[in-house]
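A short worksheet on the structure shown next.
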Protein chains: 4
Amino acid sequence: MTDWLVIRDMNAPLPTRPQPRWTRRKDARPEEIAAAALDLFVEHGYAGTRLEDVAARAGVSKGTLYLYFAGKEELFKAVVREGLVSPLTEFRSTVLEQYKGSAFDLLRILFYGWWERIGSTRISGIPKLIIAEAHNFPEITRFYIDEVVVPGQAMLESIVARGVASGEFRRVSPRETGTLLIAPLLLLALWRNSLGHYEPGAIDARRFIDAHLEMLRNALAGTPARVHKVS
Amino acid sequence: MTDWLVIRDMNAPLPTRPQPRWTRRKDARPEEIAAAALDLFVEHGYAGTRLEDVAARAGVSKGTLYLYFAGKEELFKAVVREGLVSPLTEFRSTVLEQYKGSAFDLLRILFYGWWERIGSTRISGIPKLIIAEAHNFPEITRFYIDEVVVPGQAMLESIVARGVASGEFRRVSPRETGTLLIAPLLLLALWRNSLGHYEPGAIDARRFIDAHLEMLRNALAGTPARVHKVS
Amino acid sequence: MTDWLVIRDMNAPLPTRPQPRWTRRKDARPEEIAAAALDLFVEHGYAGTRLEDVAARAGVSKGTLYLYFAGKEELFKAVVREGLVSPLTEFRSTVLEQYKGSAFDLLRILFYGWWERIGSTRISGIPKLIIAEAHNFPEITRFYIDEVVVPGQAMLESIVARGVASGEFRRVSPRETGTLLIAPLLLLALWRNSLGHYEPGAIDARRFIDAHLEMLRNALAGTPARVHKVS
Amino acid sequence: MTDWLVIRDMNAPLPTRPQPRWTRRKDARPEEIAAAALDLFVEHGYAGTRLEDVAARAGVSKGTLYLYFAGKEELFKAVVREGLVSPLTEFRSTVLEQYKGSAFDLLRILFYGWWERIGSTRISGIPKLIIAEAHNFPEITRFYIDEVVVPGQAMLESIVARGVASGEFRRVSPRETGTLLIAPLLLLALWRNSLGHYEPGAIDARRFIDAHLEMLRNALAGTPARVHKVS
DNA sequence: TATGAATGAGTATTCATTCAT
DNA sequence: GATGAATGAATACTCATTCAT
């Protein structure tokens, strides 16, 4: 009566199942991925960078990227943020707080420190990245403006204003002068990360910064004329 | 002096690699994994189900799946097999063997028992799964046909044939009639596992089965005319 | 004085540019793509269908798909909608409007017409698709319920109600009975698009529909009237 | 009778293949294409710019692009070349040849002329483009260095050298000083084509250039001579 | 000459599977 | 046994390029 429902053996030989197709390579660390990504983003731009190349340079697989970053865009943002925040923090604590002496001395410390901590490192590629991708990443650009441009400009203006107030500097507009102070450094950073590869000796960073400082010393110097008049 | 460069909180620092490489979570039991897998396979289909979700629902890790099942395909087969074999066995022993009385009474017992053991449980999702994946899993489909469809159909035909032979049923074709007996129940199972989620009150299972039985009673009834004539 | 800015010739020989890597194949028509997609979606489900295969079956390239459909999901929706709307419209105009005579005659016309226009065509794959993907495509499911299930059920209930009102049918519940009328046809459609491939001769559609109609004739027959006449 | 199956409006019928295969739209001129391309290249970078968008902005079809430019790369090169060569030629003939008077007057003419012919026009986007794509287009970079950077630098150095020789300028290094002269202008160009869109009022070009000139006047002034005269 | 539908190589992203811990 | 980070084949989707009209 009930043998309609006899259940026979499953004769189930799995036809095909491929053998292990990969081997573990290494323990991935997000820092290495971010460093590799920064290099390639700086070199080829956002769209021009292939995640496969990022993975290869970091020594991990493509899939590992997605373990730490939600996608290409998030990787880019993380890389830029990370490339900015940590150096800025370090810059502030190791350079700015060393200040002693005149406004001009502060500029010197600032410029040398910038070269040491930013200009001569891979971080100097970030500005190029921001400039190149500003239209494509409004959020990142906004962040850069708010966190770097605005406070940096404020700092420079403040130094100028102090120098002017104390008579150390000529009566100049802090606004435009602040920007003029940083322009050669920015150009240096951009140069080093783009055309500089084709003309390696074109700009000697140390001589360039020194020349800039020397120009500034004369450009900003409080009028010695009055001093002479008095004497 | 240095608060020009205050860096606001960053909501997205570089992700860090988690330290403890693993901790034992629970004692895994394959039954729980299979139950979770059945739910998700029924819900999203084979290809649409991610093993990660199965593991999460079962409360185990992805790796644990592979301790008990050779792979996704094997998990699927095991789930379907297990979802079929054990309920069928139980169905057979608890429902079919209760048979007493007329052919029509057997149908009633069968239908109510089916609802109790199959239709109202998660097992009712299996037919949907089979229908959806028939082309992708010939082996499983073959198994289902051999173990469920063919014996089930044979059983139904046998009941019809007995009813016809005894004069309880009208002279109908056992083949087509057997299939017609089960069609509404199958539809009910499919409905409950698909569209039913969107129109929960559309079908009242009890009333539906009863209406089906009542239809059958009239449709199959041996011609009372002759009986009256004789008496 | 001005020869700093002499512009030299661009000595620009383009190093590499590959030659034409493809040849035009044919004029694509979205109908062919949709037909190919319907076949494959019915066969392998949504996730199991590769757009590359759809393109190949339609005789076009992968890119051409995106010329007409925004993506896989949109293709799926378009295919289902198109598979429903146009046949339903035709069904309505060519079958339903032929109605003449009794309620039972209408059922016969309906069932035969359904088989002619839906059941025996590739459109019969749509229900399987809907059932399988209901959870993954709420929008499509909603559409199917609103446009097919609800009006179809209403139509069936209306036929039953008319038959009951005129005394042609026994006093049955239009709700459950309406669903019972369509159940075997739906099962037939599902069978033909799934398990039927493995057991081609298992169901003879014509005999099955005829048996269903014959069952209904007896099940619904308004016998009481005749009894009263006799007595 | 048949309004059970009313099918509501479908908002998405199968797309149809457009009938007229093409109609002439306009007389294309390569200048318009190049202008559109320059805008988009500056905005989104090389890889981020789609030729389809270039064509749309130029008001021509994609195919027309290829009538005038061999491909994306060639379009890019042509755009950069054209964006450089013609303005440089014009700049040379209309600005540089107006030279009269002192070295400092020449700087003023140079800067104002640069702003008039380059800085305030879309040509100012080229430097950003070069910086961003330097690694991807060695050939274009080489061209830019040879045709713009080197002669431009030579010109600046020559002006400085002349000023120093005549005693008008302090004894400064022509090399570094030449670069320092142009740095703020370049920064201005870059700013206007990237971050400037987010902070439109941040830099007032006229005031900025004037401030730069004023700084230079003081920085370069050959004061020692006068002192000697007085003494 | 101008068009834009058709093409397919290239790339971002997913997820089944492995294995060191 | 149990874990989950790492892997890379597979696949959806993009877009520079071609060519019949």
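The shown structure was predicted, so the numbers you read here are calculated from the model rather than taken from an experiment. Computed over heavy atoms, backbone and side chain alike; hydrogens, waters and symmetry mates excluded. The chains referred to below are lettered A, B, ... by the order of the sequence lines, with proteins before strands, and numbering in each begins at 1.
At a threshold of 4.5 Å between non-hydrogen side-chain atoms, the residues A/Tyr68 and A/Ile33 count as touching. For the pair D/Phe76/D/Thr49, no side-chain contact is recorded, criterion being any heavy-atom separation below 4.5 Å from C-beta on. Within the 4.5 Å cutoff, the side chain of C/Val54 has no heavy atoms near those of the C/Val60 side chain.
Taking the side chain of B/Arg50 as heavy atoms from C-beta on, and the options E/dC15, E/dT17, F/dA2, the nearest nucleotide is E/dC15. Candidate nucleotides E/dT3, F/dC13, F/dT18 were compared by shortest atom distance to the side chain of C/Tyr66, and F/dC13 ranks first. Side-chain atoms of A/Ser61 lie closest to F/dG8 of the nucleotides F/dA12, F/dG8, E/dG4.
The residues C/Arg142 and C/Glu139 are annotated as not salt-bridged, no charged nitrogen and carboxylate oxygen being separated by less than 4.0 angstrom.
Atom CG of B/Leu67 is separated from atom P of F/dT3 by 9 Å (rounded to the nearest Å). Taking atom OH of A/Tyr68 as the reference point, atom P of F/dG4 lies 13 Å away to the nearest angstrom. Between A/Phe69 atom CZ and E/dT14 atom P there is a gap of 15 Å when expressed in whole angstrom units.
Residue C/Lys62 places no side-chain atom within donor-acceptor reach of the base of E/dT7, judged by atom type and a 3.5 Å distance cut-off alone.
One end of the helix from E/dA2-F/dT21 to E/dT21-F/dA2 points its axis 0° away from the other end's axis, with each axis taken from 5 pairs and the angle rounded to 10°.
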